[in-house]
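Remarks on the structure that follows.
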There are 2 protein chains.
Amino acid sequence: MITNRNTQPTIKEIAKRLKIAPSTVSRALHDHPSISWVTTMRVQKLAQELNYEPNLSAISFKQRKSFNIGVLLPNLSEVFFSTALYGIEDMASTKKYNVLIGQSLDDPQREERILLSMKNSRVDGMIVSVGKNTINYDHFDLLQKCNIPIVFFDCIPERKDIHFTACNLQIGMLMAINKLVEKGITNIALINGPKQLVASKQRQQIYFQGLKKNNLPYDEKLIGFTDLSKKGNQQAMIDLLKLENRPTAIITFNDYLALDAIAIAKEQNLVINKDIFFISFANLPIWEYMDDRPMASIEQFPYKQGEQAAKILFSLIDSLQNDQPIMDYQQIIFESKLIATLQ
Amino acid sequence: MITNRNTQPTIKEIAKRLKIAPSTVSRALHDHPSISWVTTMRVQKLAQELNYEPNLSAISFKQRKSFNIGVLLPNLSEVFFSTALYGIEDMASTKKYNVLIGQSLDDPQREERILLSMKNSRVDGMIVSVGKNTINYDHFDLLQKCNIPIVFFDCIPERKDIHFTACNLQIGMLMAINKLVEKGITNIALINGPKQLVASKQRQQIYFQGLKKNNLPYDEKLIGFTDLSKKGNQQAMIDLLKLENRPTAIITFNDYLALDAIAIAKEQNLVINKDIFFISFANLPIWEYMDDRPMASIEQFPYKQGEQAAKILFSLIDSLQNDQPIMDYQQIIFESKLIATLQ
DNA sequence: TTGTATGCGTTATCAG
DNA sequence: CTGATAACGCATACAA
């Protein structure tokens with residue numbers, strides 16, 4: 001049974017006990033040079049005894065600075081995002097910041113609600129990975145107007161005037177296609193994500209480039225689409241395997257899709273990495289334990305992306321703090337890397 | 001280039017423009033019955049126009065209530081925890097609470113630091129999953145003294161006087177052993193986690209019970225230990241396979257261990273689910289995609305555990321809010337379930 | 001129905 | 001060196 005009233009000591013409390021002014025206590029606690037050695041000691045000793053801890057809520061109210069950053073992600077349970085969050089928390093922790101999280105679940109309304117809620121709770125800055133279905137970016141501008149810097153991360157709006165970290169899939173995908181061609185595999189398909197996604201457009205473009213650089217013909221039929229549901233994934237794969245010139249390699253939009261596609265191939269008695277090859281992404285940390293896994297994976301560096309996004313954010317917060325205008329947009333693009341997942 | 005000063009409108013601002021008192025504005029915004037219809041309308045209209053939003057930082061300072069809950073987990077990137085976090089965020093979101101996260105990385109000092117930091121930022125309550133190496137629980141008591149309720153989750157201290165959600169592995173493990181015995185598999189080993197972990201002790205006890213109920217002899221050699229590092233996992237498995245009466249089934253402390261153990265078995269040309277069987281946990285969502293997977297998995301319900309922990313926490317917060325003493329400890333124990341992972 | 005006064009905990013400014 | 005005072009934005013008890 002707990003009924004104690006909140007009994008956290010305050011500066012006033014200490015002042016009263018020591019019969020000095022609260023402002024003196026405050027200064028003593030901060031080792032202000034103008035306070036005498038004895039007073040400082042007396043204050044700090046009592047503070048220790050009473051287990052005094054500053055009320056951050058009061059401080060952040062007065063200083064208009066919360067030492068909280070907000071992180072808004074589509075889905076916390078996806079490995080890619082949770083790994084990024086790990087990186088963000090880690091960086092924030094070293095900077096003595098707390099991390100407020102929210103997940104949009106790819107629902108634009110929920111995204112907006114969370115964004116506003118974080119604005120109103122006066123986060124010092126935000127890291128945002130935009131949801132799949134977001135088309136309106138007004139709320140983000142709103143935050144900027146309130147002097148809350150935003151760093152976008154991985155899923156970023158198509159705009160020039162933003163800070164962000166992202167991963168350029170180009171190199172990874174081109175390397176992947178080159179590698180396939182080297183092995184004599186030229187009938188390369190792509191199962192892409194929903195057409196409206198920026199990421200899908202990008203992947204498709206790079207896919208074209210890869211074919212072109214290797215003087216491979218472009219066959220529209222070799223591009224499948226899925227809404228990223230399990231059924232959609234399976235159907236896209238089934239359709240590709242029905243083609244006359246059945247693909248011998250498949251690049252998948254993401255790892256979960258790859259899992260479904262590989263399963264379909266196996267159902268049709270194709271031997272993975274013999275009859276058919278896969279290229280996917282390195283978000284699932286356990287490819288290495290699977291027998292039938294993609295030949296290679298494109299590394300997207302979620303941890304680093306998160307860490308660096310946080311780093312950028314803190315630099316922006318510092319600038320604002322010191323009234324330095326923010327002149328240019330910090331944008332870090334990691335180059336994807338192709339990593340062999342077969343030994 | 002951004003140099004605007006923070007220009008968020010306040011109640012004072014609205015009051016000045018409307019030439020009425022701030023308190024009137026405050027009440028009008030809250031649809032207080034004592035304020036006239038016209039005034040209320042005028043206020044709300046202007047508030048809308050100015051994009052007024054209450055300063056939550058000020059409110060939480062004044063009301064001594066932050067509408068934030070803290071969540072302290074060992075590791076954000078582990079699927080089990082990130083899934084739980086998903087559940088917590090989801091529940092918090094419906095209750096209009098924000099979620100502050102921290103990860104201890106199983107470092108007791110870091111755990112304590114985060115805990116205190118959250119206390120000082122006046123979270124309304126906390127959900128904590130205790131790290132592997134924590135032996136001192138004083139900080140947790142400290143929070144209680146400050147009227148910050150804590151709900152423990154999954155990794156809980158061995159104490160009666162706490163609120164928690166957890167999963168009872170007993171049923172799942174007994175069912176697993178029964179199932180093995182049914183199939184005529186009786187040489188059942190256990191690879192356990194570090195000895196100092198409560199969870200390890202529990203698992204071992206249940207393992208004993210399971211053997212006993214099935215009238216199986218207890219052979220000390222059939223219990224392996226690992227520090228949960230990859231090397232430790234592998235070594236534990238190698239040692240078991242060296243035994244004269246080599247085990248034909250293995251219960252693993254967690255999924256990652258299972259992955260390593262299965263890999264070793266395969267290296268030694270054992271056929272999984274024929275020469276040797278595995279029982280593991282259902283934390284990895286992708287067992288279904290793997291060929292050589294455990295025969296059955298014990299479900300621990302991370303999402304539900306998180307969701308319910310949050311629910312308990314909000315009920316505690318409500319009670320404190322209304323000055324109702326908290327009479328008893330809310331403890332929800334989910335019964336684990338055995339789910340077949342082979343079709 | 002509205003206004004005035006007060007205080008939450010802290011710190012900055014100014015005066016002593 | 002120290003103290004008094006005001007202010008941050010809001011809610012509320014009390015006064016009118």
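Letters A, B, ... mirror the listed sequences (proteins, then strands); counts begin at 1.
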Worked check of ring pair (Phe, Tyr, Trp, His ring centres under 6.0 Å) between A/F140 and A/F152: CA-CA 10 Å; A/F140 299 120; A/F152 290 95; 5.2 Å; yes
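End-to-end axis angle of the helix from C/dT1-D/dA16 to C/dG16-D/dC1, from C1' rotation axes over five pairs per end: 50° (rounded to 10 degrees).
B/K65 places its NZ atom 14 Å from the P atom of D/dT12, with the value rounded to the nearest Å. Atom CD in A/Q63 sits about 13 Å away from atom P in D/dC8, given to the nearest Å. If you take CZ of B/R64 and P of C/dT10, they are 11 Å apart, rounded to a whole angstrom. A/L56 places its CG atom 9 Å from the P atom of C/dT10, with the value rounded to the nearest Å. Atom-to-atom, CD1 of A/I59 to C1' of C/dC8 comes out at 14 Å; the value is rounded to the nearest Å. In this structure, the CD1 atom of A/I14 is 15 Å from the C1' atom of C/dT11, given to the nearest Å. At whole-Å resolution of the value, CZ in B/F61 and P in C/dT11 are 11 Å apart. Look at CD1 on A/I20: it is 11 Å from P on D/dA4, rounded to the nearest Å.
Judged as a side chain to side chain contact (heavy atoms under 4.5 Å, CB included), and not counting sequence neighbours, the contacts of A/L18 are A/I14, A/I20, A/R42, A/V43, A/L46.
Of the residues in residues 30-55 of chain A, those lying under 4.0 Å from DNA chain D by heavy-atom distance are A/S34, A/I35, A/S36, A/T39.
The phosphate of D/dC10 has neither OP1 nor OP2 within less than 4.0 Å of any side-chain N or O from B/S26.
One finds no salt bridge joining B/K95 and B/D124 here, because no Lys/Arg side-chain nitrogen approaches an Asp/Glu carboxylate oxygen to under 4.0 Å.
Listed for the B/H163 side chain is no donor-acceptor partner under 3.5 Å among the backbone atoms of B/Y329. With hydrogens and angles disregarded, no donor-acceptor distance shorter than 3.5 Å links the side chain of B/E307 to the backbone of B/G87. Remark: the backbone N or O of B/K160 is paired with a side-chain donor or acceptor of B/Q331 at under 3.5 angstrom.
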Taking only nitrogen or oxygen atoms into account, show me every contact under 3.5 Å that the protein makes with nucleotides 4-7 of chain C, one pair per line with its distance.
residue, atom, partner, partner atom, Å
C/dT4, O4, B/S23, OG, 2.9
C/dG7, N2, B/K62, NZ, 2.8

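Considering all non-hydrogen atoms of both residues, A/P149 and A/L313 come closest at O-CD1, 3.6 Å. Residues A/R122 and A/S66 come closest through the heavy atom pair O-OG, 2.8 Å.
Rounding to the nearest 0.5 Å gives a distance of 11.5 Å between NZ of A/K119 and CD1 of A/I150.
For residues 98-115 of chain A, every residue pair satisfying the salt bridge (charged side-chain N to carboxylate O under 4.0 Å, His left out) rule, not counting sequence neighbours, is listed here: A/D106-A/K132, A/R110-B/E89, A/R110-B/D90. Listed by first and then second residue, the ring pair (Phe, Tyr, Trp, His ring centres under 6.0 Å) pairs involving residues 39-68 of chain B are A/F61-B/F61, B/F67-B/Y97 (not counting sequence neighbours).
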